[in-house]
Number of protein chains: 2
Amino acid sequence: MNSKVNPNIRLEDLARALKLSIATVSRAISDSPRVKPETKKRVKAMAEKMGYRPNQIAKSLSSGKTNVIGVIIPRYDEPFFIEVCRGIDHIARKYNYRIVISSSRNSYKFEKENTFAFEKGVVDGVIMSFTHHTKTFTHVDEMISRGLPVVLFDNVSSKIKGAAHVIIDDYESAFQATDLLIKENNKSIGYISGTVMKTVFNKRFDGFKEAHIRNNQVYDEKHILNCKSIHQEHEYREVYNFLNKLEHMPNAFFCSTDNYAMLTIKALIKLGYKVPRDVKVMGFGNLHYSSMFTPELSSVSQPSFYMGEVSAEILISKIEKDYYFEDGKDEVILPTKIVQRETTR
Amino acid sequence: MNSKVNPNIRLEDLARALKLSIATVSRAISDSPRVKPETKKRVKAMAEKMGYRPNQIAKSLSSGKTNVIGVIIPRYDEPFFIEVCRGIDHIARKYNYRIVISSSRNSYKFEKENTFAFEKGVVDGVIMSFTHHTKTFTHVDEMISRGLPVVLFDNVSSKIKGAAHVIIDDYESAFQATDLLIKENNKSIGYISGTVMKTVFNKRFDGFKEAHIRNNQVYDEKHILNCKSIHQEHEYREVYNFLNKLEHMPNAFFCSTDNYAMLTIKALIKLGYKVPRDVKVMGFGNLHYSSMFTPELSSVSQPSFYMGEVSAEILISKIEKDYYFEDGKDEVILPTKIVQRETTR
DNA sequence: CTGTTAGCGCATTCAG
DNA sequence: CTGAATGCGCTAACAG
């Protein structure tokens, strides 16, 4: 039963106060052309006066539209995702949508739960990024088969039919970054990465290799580290130990994330090296605190905010016009940019 | 008009397939004791088989309960708030609630909009933190008067009747931090802060002063800076210029946020000082990247995650049991902790 | 233990 | 231009 909830004004209350029917009031509120301007004015004035606020739930149930976009991200505590959410939010507001953010807390199980929660006319569409553990996609297929528009961003390993994809070119970006390091006369370059975001990391590593090939430079397998740890502190130990055991320290490191870059720099400093004087470091991601780091971090800049904006635009297009892209494509690749700060100077 | 939306199974479909009434099916699904175990089994099996998923919207409209908690934060891109959200989410899930996060993008106008959006039986309760511009609280009063439970956390300048408050003791925390700096033999201590979060900053400054008084130490007005700028880079310039013009550099700085601490350190380094060798720095907030900073930042640790957890517990208590605290209080003060890392060693 | 009935608040036919 | 009637899918009295 509706026990305590709304001591709220409903259309019916307005209707009674105005001696009009509910239907007319409803139409007046939603600015239907089928109602006399004067009546509209009266209704709106009264609505204002009585403090009427439409009940979104009832509205949704009746119209089948919620004006809510569901967002599923692997985790809250990664600035990249937050930036994307901000971008989504920005566009969503423009089109009068609200967003609901759910974290899968880096677990496939929760990710699935989240998609289930979104399946129901609770949202008009979903924007999501997979956890690193997500290998099967039936949960996404199910949303799509129920007619929910779905936009996938970042970390999209394989395409999913019926969804749109917003990504960056990891391979190309890593290539550019490495190429730049080589062109700036770094004769030996190491690579520090991890094992978690496998698909993405592989592409970045491929770009790293390709840049060496095209420049006729070789890299030393001993200068490659793929951290197995997960937690910040363990990762740090691993990086530290790796660097500590190196016979020859390379001139530069390309790191597959800004996080690894910071860990690397921290370890290098601990080991008595100066960055960038002795060793240069390039990160990937350009997190918002990269520039607050000392020394300021050079990094491949992913357009995170923009990525959110684009994702939202595409999703809303699908919701309202039934297509993701005018030209029928199902993917957009966003450009990256290398931001050179202190660590590669 | 319910145009395309759900090609979905409803209770009615199950009822027909099972030759039962809708009511019984509904009860079976929600595990009511008033239905034969065997029937329950049949219903659940069929529900599973047909892929039934309850329509949350309809459920909410009918029951007046949404199991959604609305969260309003000033901004997404501040790790502190994200941590709080994670804490909220953690507890919310435990009690089978979902959370909806809205950012007021640091604007009072948007904050108000957000509270309006939440007013409607769209959420069962609201957890929020004010922007720095929020001086009037009618929007909150309105939510409360409509019967919405409200929990306010952080940055709570004055108490609001009918809401619960989850805060830290800014005064005491700043006192402790300064006291520690004094006890560790820093003969002159500067204070770097801003003007935006006035109420909070004032309390922290009061703590700073009190520690001096109690230790019979004086501070130099010339060593106090309250940044007027807002944007990161302008703030940095302001800090830099301030430090640059100082005749005597203090032994240590207490900064009212980690952000100011990092800016301060960055500027100090630029000016040729070593941290902590020449100057020590203490921050406030203990953001998650404080430990990744080089040198690692000492800071007053706000229990952000825990603050979220506590807020959620209190809110859900109010929602389900109609009281925030068993003892009728309306406020809880969470303890802080000074985390000493490299910058004060 | 199960079925019948009546809303939740709104949008939207269909009649005037 | 306005009103009366119907239903979105579900829950919860009220009856049996």
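Because the structure is a prediction, the values reported are computed rather than measured. Residue numbers start from 1 in every chain, and the chains themselves are labelled A, B, ... in the order their sequence lines are given, proteins ahead of strands. These values consider heavy atoms only, across backbone and side chains, with no hydrogens, waters or symmetry-generated copies.
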Please determine whether a side-chain nitrogen or oxygen atom of B:Y52 lies at a distance below 4.0 Å from atom OP1 or OP2 of D:dG9. no
Rounded to whole Å, CG of A:L61 lies from C1' of C:dG9 at a distance of 9 Å
Check each of A:F137, A:F153, A:F81 against A:F130 using the ring-ring contact (aromatic ring centres under 6.0 Å, His included) test, and report the only one that passes. A:F137
Does the plane of the ring in A:Y108 sit parallel, tilted or perpendicular to the ring in A:H139? Use 30° and 60° as the thresholds. perpendicular
Would you confirm whether B:S304, through its side chain, and B:V84, through its main-chain N or O, come within 3.5 Å as a donor-acceptor pair? no
Divergence of helical axes at both termini of the helix from C:dC1-D:dG16 to C:dG16-D:dC1 - five pairs an end, 10° steps: 40°
With distance as the sole test, does B:S317 use its side chain to make a donor-acceptor pair with the main-chain N or O of B:E313 at under 3.5 Å? no
Determine whether a donor-acceptor pair (one donor, one acceptor, N or O, separation below 3.5 Å) exists between the side chain of B:S62 and the base of C:dG7. yes
Check: B:D124 side chain, B:N67 main-chain N or O, donor-acceptor pair, under 3.5 Å: yes
What's the CG-C1' distance between A:L18 and D:dT2, to the nearest Å? 13 Å
B:R53 CZ to D:dG9 P, in whole Å, measures 16 Å
Does the pair B:E38 and B:R42 meet the rule for a salt bridge (Lys or Arg N to Asp or Glu O under 4.0 Å), with working shown? CA-CA 6 Å; B:E38 194 204 307; B:R42 278 179 57 217; 5.5 Å; no
Identify the heavy atoms of A:F325 and A:A164 that sit nearest to each other, and give their distance. CE1-CB, 4.3 Å
Short side-chain to backbone donor-acceptor contact, A:S102 and A:I73, under 3.5 Å: no
A:Q56 atom CD is separated from C:dC10 atom P, nearest whole Å, by 10 Å
Whole Å only: how far is the CD1 atom of B:I57 from the P atom of C:dC8? 18 Å
Between C:dA11 (C1') and A:I29 (CD1): distance, integer Å: 13 Å
Please state how far atom CD in A:E12 lies from atom C1' in D:dA5, giving the value in whole angstrom units. 14 Å
Distance below 4.0 Å between A:S26 side-chain N/O and C:dA11 OP1 or OP2: yes
N/O contacts under 3.5 Å, protein versus nucleotides 2-5 of chain C?
unit_1 : atom_1 : unit_2 : atom_2 : d
C:dT2  : OP1    : B:T39  : OG1    : 2.8
C:dT2  : OP2    : B:K36  : N      : 2.9
C:dT2  : OP2    : B:T39  : OG1    : 3.3
C:dT2  : O4     : B:R34  : NH2    : 2.5
C:dG3  : OP2    : B:S21  : N      : 3.0
C:dG3  : OP2    : B:S21  : OG     : 3.1
C:dG3  : OP2    : B:T24  : OG1    : 2.7
C:dG3  : N7     : B:R27  : NH2    : 2.8
C:dG3  : O6     : B:R27  : NH1    : 3.2
C:dG3  : O6     : B:R27  : NH2    : 3.1

In whole angstrom, what separates B:L11's CG from D:dG7's P? 18 Å
Would a distance-only check, ignoring hydrogens and angles, find a side-chain to backbone donor-acceptor pair under 3.5 Å from B:E111 to B:T134? no
